[in-house]
Structures are given as C-alpha cells and as structure tokens.
2 protein chains.
Amino acid sequence: MSDERTGPIPRGPAVATDIVLFTIADGALQVLLVERAAPPFVGRWALPGGFVHHDESLEAAARRELAEETGVAVRWLEQLYTFGEVDRDPARRVISVTYFALVDHEPLAPRADSDAADVGWFPVSDLPALAFDHAAIVDYALRRLRYKTEYAPVAFQLLPETFTLSDLQTVYEVILERPLDKRNFRRKLQALGVVQPTREMRRPPAGRPARLYRFAPAAFEALGGGVVLAF
Amino acid sequence: MSDERTGPIPRGPAVATDIVLFTIADGALQVLLVERAAPPFVGRWALPGGFVHHDESLEAAARRELAEETGVAVRWLEQLYTFGEVDRDPARRVISVTYFALVDHEPLAPRADSDAADVGWFPVSDLPALAFDHAAIVDYALRRLRYKTEYAPVAFQLLPETFTLSDLQTVYEVILERPLDKRNFRRKLQALGVVQPTREMRRPPAGRPARLYRFAPAAFEALGGGVVLAF
DNA sequence: TCAAAAGTGTTTCCCCTACACCCATGG
DNA sequence: CCATGGGTGTAGGGGAAACACTTTTGA
C-alpha cells in the first residue's frame, strides 16, 4: 500500500450513489427515473441518487436516497459497480457507487419530492435520453439482472409475497426475453422446493382459479450457492 | 436524483483503491501483500493500494499503484467491490474501490519500493493478520476467483503464454480445491476449442514430453458469455 | 356450452461422470 | 529397464428439452 494512504489526503473525487430500481408492470420491465431539477442536465431524466454523507455507509446512502425519492422499502438491494471515469460528470469529478434494487410494483407509488422535478417508471425497452453515463449504468444493471435471474432468487423480489406460478413464469419471461415451457418450469421449481403452496387461490376474471405460492427462502439456502434456476 | 448532486459538495469520504493480486507458485494460490511503513497499522501486512488521484480513473489508479509496487503489467484486472463502511479505517473515512488481478508467476519479482517496508507473496491458506478490512476483501476476491474460474477464462491468466494441459489442470485444482479427472478435463477443453496446440513440447526432468498449448481467445468469444468451464 | 387460464407425464437426447492402461522419454 | 509424467476411450445415469390434452371456473 502506498504511503499516500496514510499521508495527507489528496484533493479527492466526490462520492455519490445512484440506484437502478427495477419493477415489473404492464408485462414489462421498468426502471425508476427522476427528472433533474438543477444543472447539469436540467430537465433530463436520471437515476435516483446523491452524495454519500460523511457518516453513513454506501448502502445506507443508497437506501436513504431511495426512501427520499420513492418512500418505499426495496425488496432487494445489492451493490452493482463503481463508475469512476474522470469526465463522467461534466461539472466536476464524481465517483458513483451504483446499486441494483428490486421491488414488486403494487405498493409503490413514487411521487416527486422537493429534490426532483418528477419521478416515474419507464420500460427498459423505451428509455428517454439519460443524464451523465446513466444509460451505461442501466445497461450494466440489466445484464446483472438477466444473469442473476438464472441462479439467484431475484425474480421473487419483483412479485408480491404470494403469487401464482404463472405470475412467476411471466417475470422470468419478461427478464430473459424468451418463452419458457410451462411444465418444465413448474417441475423444476417444485423439484428445487423453492416455492411453497399456500391454501389460497386467486380467481381471475375468467378461467380456472390459480393456487398462490410463497417463496421458500429456507429451501433456497439449503441448496447452497450453486442452484441453477436456468430454464 | 437528489439536489445534493448538484449543490455544494459535502465534506465527503476519501477514495482509495486496493488490489488483490493472485498468482500461483509452489503449487499454491498466493496473494501479493505489502508491509505498511506508516500508521495506522504500521508493520502490518496489507493489500497494495492508495488514494485515487483527482485526474485518473479508478482502473488507472489501480494500475498505477500496482506498477509502483510490483513493476509488473498484470494479465487480468477487473473491479471487485467497493467497501465503504464508515469505520473501516480507524483514522478517517476512506472508501476503497477494490480490484481483482491475476498474473503468471514467472516474470514477477516484486520488490519493496520507497512506499512500503516490504513486499511478498503469501499463500492464501496461510495469511498473516491484515490491516483494515483487508482480510474480508481477500475472502471476497477468493470467492470471485473460484466462481469465475468455472465460467470465464481466468485460469489462463495465471500461466505463461504457453502451457501444458497438466499445468492448466493444476491451476484449476488449486483454485477449486478438488481433484479433476484428467480425461474429462482434456476432452472438455478440446470440445470447447479454447486451447490451441502449438508445435512445441516441453521436456520434463523425467517422463514423456508434453505438448504446449496456447489460450484461444477467439474460440472463447465465439461461445458467448454462457460458457461453462465447470469440471 | 363456451371462453379463458390452470394444471399435469412421458420420451428423447445429450452431457457429465467414473474409471485403467499404454506411451515417450531420460537416466 | 525402470521411473516419471503424458496421453487416450467407453459405458451408464441424470437432468434438460420438447411436446398436447384435461380441468376448473365465470359468463
């Protein structure tokens, strides 16, 4: 380690955090964006985020920013990547530690608070022009989501606590962008034991009622990290 | 995004980078450590690293620190994780963007430069007490290495440009900590086409000469991200 | 009775695994 | 000729993939 680590702190970069929050709505994958109210990039859409305070951890900063701008406790939050190109902010040197977050759509009603002009969900397939390098950050998050869907229990975080197996299959199909076989999908889930049937059913507007299931974290843990949820 | 992003920059954390550099030597996985010459943790072993300059990217900072302390161009360098707990440095708030690096052992001869009291390779199975949260960082890097070995061409980066298939198998065995079947290993490599035979052979002190191979990045790319190198 | 969505088994094929002997060389 | 490490094939089992019809309900 260089002496610099212990010498006087050089005039360093500022540290921010930006969050890519996904949900599923209207059968599509959506990202939460806020409209910038101050320069640079006034009026442009951007990821929610802000500077890290001196006395809070990175994850705490991400949660605080999310709470301030969406008022919602996310279901899943993990660090994504740290973007540190010198010129990524035209005004000054800012390093952004980005986070990847998931919520189920229902309970979320993002509203603009004082910090942002507007807030909204945008389908990932049709995003507006974004501020800074945020388009690259969303791309990176999308790759992580697709990748992670195949081996970690992230799809469940995009659904309410109970869900039908068809709901779950739709989530996989929307994220992976390919159709899955219904019987293989269900067999695999039940073989792994990662879903627990409840006693309740959901009655659709038309058609046979569907059983509601619940994610079984215990069963998932027992399988260790090497679970393959690839269908 | 919060207004803070555009308002006055709060007194923020300092940004450092630390690098976990692995190699294989004496049939074991080894990490490069430097002995600290200044407080805190004087005399303790730590990962090579230092503060990020105002005008260099994160990766550039990592490469610079490595060059300063080892004089070697690494074969593989990727971002690992950003550690930002408030109290991870007892003296002041420092956020560390860590990197994961690989070299083949041969050409490397790390020597202490003016910034560190001493430099050396340590087997991961027998590390000294480390400064800061560096033990956790090494753990994290180890998990990444084991994981990545199974689906990305990282093992090749721990060997010279040409190598025997036995060399390569040993690298896998050392990293994964389990014996592999020689025939299955070789069949799979050749089926994937990720190794190219050269015309040269290596003559061991005793025994039959072994063909030297070279990594075939082109074949690897062609397979897309979804290659499974799990044996 | 019709429309709509839920639910259910079997077969095929490929890949992973386990396993043991001969080959080329140097001393 | 012996010791050392290099190199090769096959058979069996398990999981993934492909595939279509019956069931339950509301209108």
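Residue numbers start from 1 in every chain, and the chains themselves are labelled A, B, ... in the order their sequence lines are given, proteins ahead of strands.
Ring geometry for B:Y140 versus B:Y81: interplanar angle of 30 to 60°, hence tilted. Note: A:Y172 and A:F185 have perpendicular aromatic rings, judged against thresholds of 30 and 60 degrees for the angle between ring planes. Taking the six-membered ring where the residue is Trp, A:Y147 and B:Y147 present perpendicular rings, their angle passing 60° and hence far from 30°.
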What string of B, S and - do you get for nucleotides 20-27 of chain C, 5' to 3', if B is base contact, S is sugar-phosphate-only contact and - is no contact with any protein heavy atom under 4.0 Å? B--BBBS-

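In this structure the side chain of A:R44 never reaches within 4.5 angstrom of the side chain of A:H134, judged on heavy atoms.
Within 4.0 Å of A:R187, counting heavy atoms only, lies at least one base atom of the nucleic acid. Residue B:S166 is in sugar-phosphate contact alone, with no base atom involved, counting any heavy-atom pair closer than 4.0 Å across all strands shown.
Between the CZ atom of A:R202 and the C1' atom of D:dT25 there is a distance of 15 Å, given to the nearest Å. For the pair A:Q190 CD and D:dG15 P, the interatomic distance rounds to 16 Å; values are reported in whole Å. Note: CG (B:D181) to C1' (D:dG6) measures 14 Å, nearest angstrom. Taking atom CE on A:M201 and atom P on C:dA5, their separation rounds to 16 Å, with Å as the unit. One interatomic measurement links the two molecules: CZ of B:F163 to P of D:dG5, which rounds to 20 Å at whole-angstrom precision. In this structure, the CZ atom of A:F185 is 12 Å from the P atom of C:dG7, given to the nearest Å. In this structure, CZ of A:R186 is placed 17 Å from P of D:dA17, rounded to the nearest angstrom. Across the protein-nucleic acid pair, A:N184 atom CG and C:dT10 atom P stand 14 Å apart, rounded to whole Å.
Side-chain contact, B:T198 with B:T162: no donor N or O sits under 3.5 Å from an acceptor N or O. Counting only N and O atoms by type, the side chains of A:T170 and A:D167 include no donor and acceptor under 3.5 Å apart.
The pair A:E150-A:R178 meets the salt-bridge criterion, since a charged nitrogen lies less than 4.0 angstrom from a carboxylate oxygen.
With C:dT17, C:dA6, D:dG6 as the candidates, the nucleotide lying closest to the side chain of B:A210 is D:dG6.
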